Amino acid sequence: MRIAFAFIAAALLAGCSVQASGPASSSVSTDGSTSMEKVIGCLKEAYEADNPRTTITFNPTGSGSGITAAAEGRCDLGLSSRPLQKKEADQGLEEVTIAYDGIVLIVHPDNPVSDLDLETIRKMFTGELDNWSQAGGKPSPIVLCGREAGSGTRSGFEEATGTKNACRLRRELTSSGDIIASVMTNPNAIGYVSAASVKEGVKVLRVEGVLPTDESIADGSYKIRRDFNVVKKADQPLSDSAQKFFDYITSPRASLAIESAGVLPAVRKESL
Amino acid sequence: MTTARAKKIAEKAASSIFFALGMVTVGFVLVISVYLLIAGLPAIGSIGWIPFLFGSSWTPAADNPSFGIFPFLLTSLIGTAGAVLIGVPVGLLCAAYLARFAPKSVRKIAMTLINVLAGIPSVVFGLVGMLVLLPAIAKLFHLADGASLFAAMVVLAVMILPSIIKVSVNAIDAVPKEYEEASLALGAHPVETCFRITLPAAKSGIAAAVVLGVGRAIGEAMAVMMVAGNAPNMPSLFGSVRFLTTAVASEMSYAASGTMHRQALFSIALILFLFIMLINAGLNYFLKGRKEAGA
């Protein structure tokens, strides 16, 4: 009840050119993917700076739980780092992609391989191929570097390459920096990192002939990426403050905040 | 009369303050132990002690997850033993040299440097290990990758050197000069004296140094995480392995709260805690017990 009043008060305040006196405040609850924690954190910071009366809360539970919470009305917006499954969409949910995270394969600069197709990548990471000569490189063993269980980059990569829980990693590391350092110092290594964290000193591979760039990740021609989605009920209107926040995060105004989280905004500034 | 009374009160106040401070430490131990038990037991309960401790497959995020930590247990045990095996002889000989043979100036400089070594953060050991040691190991042993149990042993051995050296030097310094003089007077060589008289006399201090080294090596997470490879394999010297500590540290940040995965990580922490206590108690009993029997 109190929250409903707060929403109304906030809406009224917003409506009448803000007298900036009433104690009215509102909150928007989000729930879902732990890998969106950083994005939603940056969005929250930027939004709350402009709308001091609104509090954004985030409950990191995981994509599946976030979607369920949105369907059951336990939160205003669900956050999901995977597309809706058919069963979920049938519950009257709709999703809007706010950002893309390209996942980039990196190798040592001396490695002659520069292009892999998804099938080769799958075989490589599941251990079916274990020598670079089988993938067009020099005859030396392949050293797989990846992230720890639970990492969003790992699940995004495994989802996109069809290697879910089947990767036979030689090195399992806990940060992009460690993966880059491993690949940089081992000519046999291959690893995956989020596109935003690639640094000099490693060679970025093409996947199916496409180099990962902002454009190729956004238009989907680069295949290994995951989408950061906001999920809400299609038939029910959001509360006013939630609608305002939703409008903000799906607009080009949010692109700077999204970029500061190291991912690619779905709505770019140029298209403003 | 009044001064005596004031003195008594001050005495009492001081003693209660010291008591309280002592209790704070005890309290921390209790809180941590109880918390670990509460957080760690449920998962073991639902997985079962035997499958948890002796299961060899760790796939916490799979649809049909399995939680077996036997490879981590073995790795921690072997890794620590390896580190001590490399670190103790080097540290002990270094301590014997510094305490008995080195000129004063050399000893002063060396002790300063050893203190610096003790102060280097473990992440720096890990980073240097990753960027220097791993490629070197790969090259030296013609391996595809240097990240291995061996690399972790080397890094841990270097990390435990300062505490072993410092404690051993103190122990050797405390050996009465008369023992050695008597040995020398009987015609023993200085090196002979050192190995036959000084080191045995400093045995209990050296034992403490070893216990300290074991404690540090088995509890280290950061440096090991960067050089051991962290694949949940059964331990092999040049294979990628995961320690108990790194199993907890590497997955804790992403394991969603309330899930079995997270609870199982707490269970690993509990096992690590028990494991360390057991090893320390065992070493203390073994090393001290032997000394008392010898004396």
Side-chain angles (χ1 to χ4, degrees), chain A residues 31-35 37-38 59-66 81 108 127 130-132 138-155 158-159 163-175 177-191 201, chain B residues 57-67 123 126-139 142-148 151 221-222 224-233 238-242 246-262 264-265:
Chain A
D31 190 316
S33 171
T34 47
S35 21
E37 189 156 15
K38 208 167 165 200
N59 190 11
T61 55
S63 296
S65 322
S81 52
H108 193 270
D130 57 5
N131 201 295
W132 279 107
K138 288 181 254 181
S140 58
I142 298 173
V143 173
L144 302 171
C145 304
R147 296 290 303 275
E148 78 280 13
S151 147
T153 310
R154 168 157 158 168
S155 60
E158 294 187 350
E159 201 96 19
T163 53
K164 202 153 187 279
N165 300 314
C167 285
R168 310 185 65 85
L169 300 176
R170 165 76 206 220
R171 283 198 205 182
E172 214 176 290
L173 301 159
T174 51
S175 73
D178 287 350
I179 299 226
I180 292 170
S182 297
V183 169
M184 222 187 272
T185 51
N186 190 335
N188 304 321
I190 180 169
Chain B
S57 154
W58 175 262
T59 51
D63 296 328
N64 196 1
S66 56
F67 301 93
V123 64
L127 198 67
V128 173
M130 186 179 221
L131 297 177
V132 180
L133 183 66
L134 297 191
I137 287 180
K139 212 165 198 175
H142 304 287
L143 302 170
D145 187 38
S148 59
M222 194 64 215
V224 166
M225 188 145 80
M226 296 172 83
V227 299
N230 303 329
N233 300 328
F238 292 111
S240 173
V241 293
R242 192 185 296 183
T246 47
V248 179
S250 69
E251 289 176 5
M252 193 57 102
S253 57
Y254 278 114
S257 57
T259 56
M260 190 58 153
H261 185 188
R262 196 182 185 86
L265 294 181

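Note that this is a predicted model, so its numbers are computed, not measured.
For the set B/Val132, B/Leu134, B/Asn233, B/Leu143, the entry with the most heavy-atom pairs within less than 4.5 Å of chain A is B/Leu134. Here B/Gly239 is the residue among B/Pro232, B/Gly126, B/Gly239, B/Pro60 with the most heavy-atom pairs under 4.5 Å with chain A. Chain A forms the most heavy-atom pairs under 4.5 Å with one residue out of B/Thr246, B/Asn230, B/Thr59, and that residue is B/Asn230.
Proximity to chain B is limited to the side chain of A/Thr174, based on heavy atoms less than 4.5 angstrom apart. For A/Asp178, the parts lying under 4.5 angstrom from a heavy atom of chain B are both the backbone and the side chain. With a threshold of 4.5 angstrom between heavy atoms, A/Arg168 does not approach chain B through any atom at all. Proximity to chain A (any heavy atom under 4.5 Å) is shown, for B/Ala147, by both the backbone and the side chain.
Relative ring orientation between B/Phe67 and B/Trp58 is described as perpendicular, the plane-to-plane angle rising above 60° on a 0-90° scale split at 30° and 60°.
With respect to the salt-bridge test (charged N to carboxylate O, under 4.0 angstrom), the residues A/Arg147 and A/Glu172 do not qualify.
Listed here is the closest heavy atom pair of A/Asn131 and A/Lys138: OD1-O, 3.8 Å. In plain terms, the two heavy atoms of B/Ala138 and B/Asp145 that are nearest each other are CB-C, 4.1 Å. For the residue pair B/Met225 and B/Ala249, the shortest heavy atom distance occurs at SD-CB, 4.4 Å. Nearest heavy atoms, A/Gly191 versus A/Ile179: CA-CG2, 4.1 Å.
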